[in-house]
Each structure stands twice: as C-alpha cells, then as structure tokens.
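Have a look at the structure below before the remarks.
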Amino acid sequence: MSQQQSPDNVSIDEIPVDIDNTQSAKVDSADVPDEIESITRGLAGEQPPTNPIVVLKAARWWYIHGKGGTDPAFQWAIEWARHLATDTPSDVERFDEFLEYLVTVGFADERHELR
C-alpha cells in the first residue's frame, strides 16, 4: 500500500478501489472512473480494445464494484480477453447481456447508442 492510500481506499494501480462499495451490485455510470468507462464503451463499440491487459483492467473494476463474477460487464470483458487470447469466436448472447446491462447502469438510453 502506498503512502497516499488509506485502508478504505486501496489499489494496485491508479484506479481506486473503494472498499466500502465493493460488490454492491449497484453501479451508477457517474461512479465509473473515466478510464474504466472508456474501456467499457470500447468493449461495446465497433473497434473494441485488442490489448488483453487493458481489457482485464476493466474486468477487475467491474468484478470489484459490480456484481462480482456474475456482473455482465465483467463477464463480457473476460469473454473478450479469452477471444483475444485464443482467437476463438466470442459468445454473442453474453455481448447482448453486456449491452443491456450498460443501459441499466446509465451508459446510454438505448443499446444501439453504444455501438
């Protein structure tokens, strides 16, 4: 833990982890750090990130602050990282769940606005 971190707000990189709000299962788009929002929007877009480390950074944030292993943004980020690592087709149904989840979180009013 660096000197700038408190026991309630720790992180292994510059993206803070708010211990009090971990796996609260309720994420508001205003609470998502800019970098994570950008990566997440990229995962929903026509040209998603191709660096697995970047994708896994978003996955980690959604796992910690979302619904844990069942969080649709976490699951899609892991699915996309798997696709990048193995060059196998990704699960389209999981992508649809991810887009719907982003609408409920407040990233857009409609799914088509994310693409």
Side-chain angles (χ1 to χ4, degrees):
M1 187 172 3
S2 76
Q3 294 176 345
Q4 298 173 348
Q5 296 176 337
S6 72
D8 294 334
N9 186 349
V10 296
S11 180
I12 57 173
D13 55 27
E14 66 276 4
I15 298 173
V17 176
D18 185 350
I19 299 296
D20 293 334
N21 291 325
T22 56
Q23 297 192 352
S24 64
K26 184 177 181 184
V27 176
D28 185 278
S29 63
D31 299 331
V32 180
D34 292 344
E35 182 180 6
I36 299 302
E37 180 178 347
S38 176
I39 297 168
T40 303
R41 286 186 180 277
L43 287 167
E46 294 290 335
Q47 297 181 345
T50 57
N51 182 336
I53 301 300
V54 170
V55 174
L56 291 174
K57 182 185 272 188
R60 182 186 67 148
W61 191 92
W62 285 102
Y63 179 85
I64 293 171
H65 295 92
K67 301 175 183 175
T70 62
D71 187 273
F74 165 76
Q75 290 181 337
W76 177 250
I78 294 298
E79 175 68 12
W80 186 250
R82 183 196 61 77
H83 165 74
L84 292 173
T86 63
D87 198 27
T88 56
S90 54
D91 184 343
V92 175
E93 289 182 25
R94 187 155 287 166
F95 182 69
D96 290 341
E97 292 172 15
F98 166 64
L99 293 179
E100 192 63 40
Y101 180 63
L102 293 184
V103 169
T104 63
V105 168
F107 276 47
D109 292 330
E110 299 289 334
R111 291 172 40 166
H112 67 84
E113 296 172 9
L114 296 164
R115 303 282 326 209

Quiz prompt | Given E37, R41, H65, the one that forms side-chain contact (heavy atoms from CB on, under 4.5 Å) with V32 | solution = E37
So [Y] and [X], do their side chains get closer than 4.5 Å, heavy atoms only?
X	Y	answer
E35	K57	yes
V55	L84	yes
L114	F107	yes

Practice problem: For the pair L99 and R115, evaluate side-chain contact (heavy atoms from CB on, under 4.5 Å) and give the outcome as yes or no after the intermediate values. | Solution: CA-CA 9 Å; L99 293 179; R115 303 282 326 209; 4.3 Å; yes
Quiz prompt | Heavy-atom donor-acceptor pair, E100 side chain to D96 backbone, under 3.5 Å | solution =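 Absent.
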Quiz item: Okay, side chain of R111, backbone of Y101: is any donor-acceptor separation there less than 3.5 Å?
Solution: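 Checking the backbone N and O of Y101 against the side chain of R111, no donor-acceptor pair under 3.5 Å is found.
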Quiz item: Do the rings of F98 and W76 sit parallel, tilted or perpendicular, given the 30° and 60° boundaries?
Solution: parallel
Quiz item: Is the CG atom of D28 crowded by more than 12 outside heavy atoms at less than 6.0 Å?
Solution: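 Correct, the count exceeds 12.
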Quiz item: OG1/T104 to CG/L102 distance, rounded to the nearest 0.5 angstrom?
Solution: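 Going from the OG1 atom of T104 to the CG atom of L102 covers 7.5 Å.
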Which heavy-atom pair separates [X] from [Y] by the least distance, and what is that distance?
X	Y	value
D71	G66	OD2-CA, 3.3 Å
L43	W80	CD2-CD1, 3.6 Å
I78	A59	CD1-CB, 3.9 Å
P72	K67	CD-CD, 4.4 Å

Quiz item: Taking 4.0 angstrom as the limit, do E79 and R82 come out as a salt bridge?
Solution: yes
Quiz item: Between T40 and W62, do the side chains contain an N or O donor and an N or O acceptor separated by less than 3.5 Å?
Solution: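 Result is yes, a qualifying pair exists.
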Quiz item: How far apart are the C-alpha atoms of V27 and W61, what are their side-chain angles, what is the distance that settles it, and do they pass the side-chain contact (heavy atoms from CB on, under 4.5 Å) test?
Solution: CA-CA 11 Å; V27 176; W61 191 92; 4.1 Å; yes
